[in-house]
Amino acid sequence: MNKNQDNTCEDKKRILNILQRLSAFQQQDYDISSGRILGSMITKIHPIAKQAYMQFIETNIGDPGLCPGTKQMETDFIDFLLSMLHAPTQASGHIVSGGTEGNITAIWITKEITKKKEIIIPASAHFSFQKIASLMNIRVKTLPLTKSYVLDITNVKKSISKDTAAIVGIAGSTDLGTIDPIEELGEICADEHIFLHIDAAFGGFVIPYLKELGYPIGSFDFSIPGVSSISIDAHKMGQAPIPLGTLLLREQEWIETISVKSPCISIDKQAGFLGTRSGGSLAAGYTMIQYLGHQGFKEIIKRCMEATKYTAKRIEEIGLSLVLPPTMNLIAVRLQHPQKITHLLEQEKWKVNAMPHLQSIRIVCMPHVTPAVIDEFIPVLESVCKKEGEL
Ligand SMILES: *Cc1c(COP(=O)(O)O)cnc(C)c1O
C-alpha cells in the first residue's frame with residue numbers, strides 16, 4: 001500500500017501546515033530584500049547563485065571521490081582567488097565555512113608546523129581568535145593600535161618571543177574596515193621566520209578592487225613575500241550564500257599538516273577541520289565569480305564606496321560624526337549611547353550593530369544598501385537621536 005497516495009489530501013494538508021509555520025518563523029526575521037539590514041556583512045543573493053546552490057545541494061566536498069566535478073569546480077574557484085591575490089604557483093587553498101574557520105585552520109597549521117604556542121594579534125582582531133586561544137591552548141598576545149585604529153608597528157618586533165608561531169594582520173577590520181601595515185609586518189615576519197596570517201575575511205573581495213579604482217590603499221596579499229596565508233570570505237563581499245570562506249596558503253604542502261587518514265570515504269586523506277560539507281554554497285560562489293568576473297566586482301565595489309561616501313555625508317549633515325573617515329564600505333558613527341540607539345532603531349525595523357567598545361554604531365554599505373535606502377534611514381536616525389539627546 002502506498003500510504004502517501006492514500007493520504008494525498010492528508011499529506012497536502014500537513015505540508016501546507018509546515019509551510020505556514022516556516023513562513024511564521026521567517027516573518028520574525030529581518031529581510032535582506034527590504035534593505036533594512038544595515039549593520040551586517042551579508043547581502044542579497046543573486047537568483048542564479050540561488051539556482052546553483054539548489055543544483056549542488058546534494059553534493060559533498062568532504063568526499064571528493066564521489067563528486068569529481070564538484071572538486072574541479074572547487075579548484076577553479078580557489079584558482080580565481082589565488083590569482084586575484086597574486087599567489088605564487090606553489091600556493092593552494094582550502095574551502096572553509098567562513099572567516100572563523102579560516103582563522104582557526106591557519107593557526108592550527110602554524111601550530112603543527114612550528115610546534116609553538118603563541119600568536120600575536122592586533123587589538124582590532126576578530127573575536128574568533130578568542131576561540132582559537134581556548135580551542136588550541138594558544139597564548140594570544142594582543143598589541144595596541146595607533147590613533148588610526150591600525151596595529152602599532154613599533155611594538156611588534158619586541159613582542160616576538162621564541163614561542164611565537166604567527167603574527168596576524170587584519171586587512172579590513174570587522175569594526176572599522178581598517179587595514180594594518182601589512183608590508184611592514186611582512187618584512188618583520190620574513191626576517192624573523194614567523195608565519196604571517198592575514199585576516200581578509202571582509203576586505204579580501206574589496207581591497208584588490210579599491211586599488212584598481214585608485215584608492216590610496218596598502219597591499220595585503222601574496223605580492224608581499226612575508227605573507228603566509230590569507231583568510232577570505234565569499235559569503236561577505238563575494239556575495240555568495242553562507243557558508244563560504246577560503247583559506248589560501250603560500251605553500252600547498254602545508255595542508256598535509258592538518259590532514260588525517262580517512263579510511264571509510266573515497267579519498268585516502270581528509271584535510272581540515274570539517275568533514276561532510278555541501279557543495280551548494282561553493283557552486284553559488286563559483287557562479288558569482290563567473291557571472292561578475294573582476295570587472296563586475298570592481299563595479300560593485302565602486303557603487304558600494306559611492307554609497308558609503310553618500311552615507312557619511314548624510315550622517316555628518318545631521319550633525320553626527322564618524323569614528324574615522326571610512327577606509328572601505330564600512331562606517332562607524334559616534335554616539336553616546338550606541339546600544340540605546342540601536343534598540344530604538346530596531347523598534348523602527350532598522351537593524352544596525354552597536355559597538356559599545358568604540359562608542360559607536362556600525363553601518364556596512366553592502367550592495368543592498370543603496371542611497372535610496374539611506375535616504376529612508378537618515379530621517380529615522382535623526383529623529384531617534386534627537387529624542388535621546390544625541391543631537
Ligand atoms: C566576519 C569576519 C570574521 C568571521 O567570519 P565568519 O564568516 O563569521 O566566521 C573574521 N574576521 C573578520 C575580519 C571578519 O570580518
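We count ligands from 1, going down the list as the structure has it; atoms in each ligand are counted the same way.
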Exercise. So, S219 and K211: side-chain donor and acceptor under 3.5 Å apart, yes or no?
Worked result: yes

Problem set entry | Short N or O distance, K236 and ligand 1, threshold 3.5 Å exclusive | yes

Exercise. Is there at least one pair of N or O atoms, one from G99 and one from ligand 1, spaced under 3.5 Å apart?
Worked result: yes

Exercise. Cut-off 3.5 Å, side chains only: do T43 and H368 have a donor facing an acceptor?
Worked result: yes

Exercise. Under a 4.0 Å N-O cut-off, is there an ion pair linking R314 with E317?
Worked result: yes

Exercise. With atoms numbered from 1 as shown, which atoms in ligand 1 lie under 4.0 angstrom from a non-hydrogen atom of G172?
Worked result: 13 (C)

For this session: Give a yes/no verdict on whether any heavy atom in H235 is under 4.0 Å from an atom of ligand 1.
Result: yes

Exercise. Hey, does G102 sit under 4.0 Å from ligand 1 if you only count heavy atoms?
Worked result: no

Exercise. So if you build clusters from Ile, Leu, Val, Met, Phe, Trp, Tyr with side-chain heavy-atom gaps below 4.5 Å, do L81 and F297 land together?
Worked result: yes

Exercise. Are W350 and V369 connected in the hydrophobic side-chain network, where two residues link if heavy atoms are under 4.5 Å apart?
Worked result: yes

Problem set entry | Residue T174 vicinity, atoms of ligand 1 by number, heavy atom under 4.0 Å | 12 (C), 13 (C), 14 (C), 15 (O)

Problem set entry | Interfacing atoms of ligand 1 (cut-off 4.0 Å, heavy-atom, A201) | 2 (C), 3 (C), 10 (C), 11 (N), 12 (C), 14 (C)

For this session: Would you check the N or O atoms of S173, main chain and side chain alike, for any that come under 3.5 Å of an N or O of ligand 1?
Result: no

Exercise. Looking only at side chains, do S321 and E316 share a donor and an acceptor under 3.5 Å apart?
Worked result: no

Exercise. Can you check whether S128 has an N/O within less than 3.5 Å of an N/O in ligand 1?
Worked result: no

For this session: Report yes or no: do D175 and S173 form a side-chain donor-acceptor pair below 3.5 Å?
Result: no

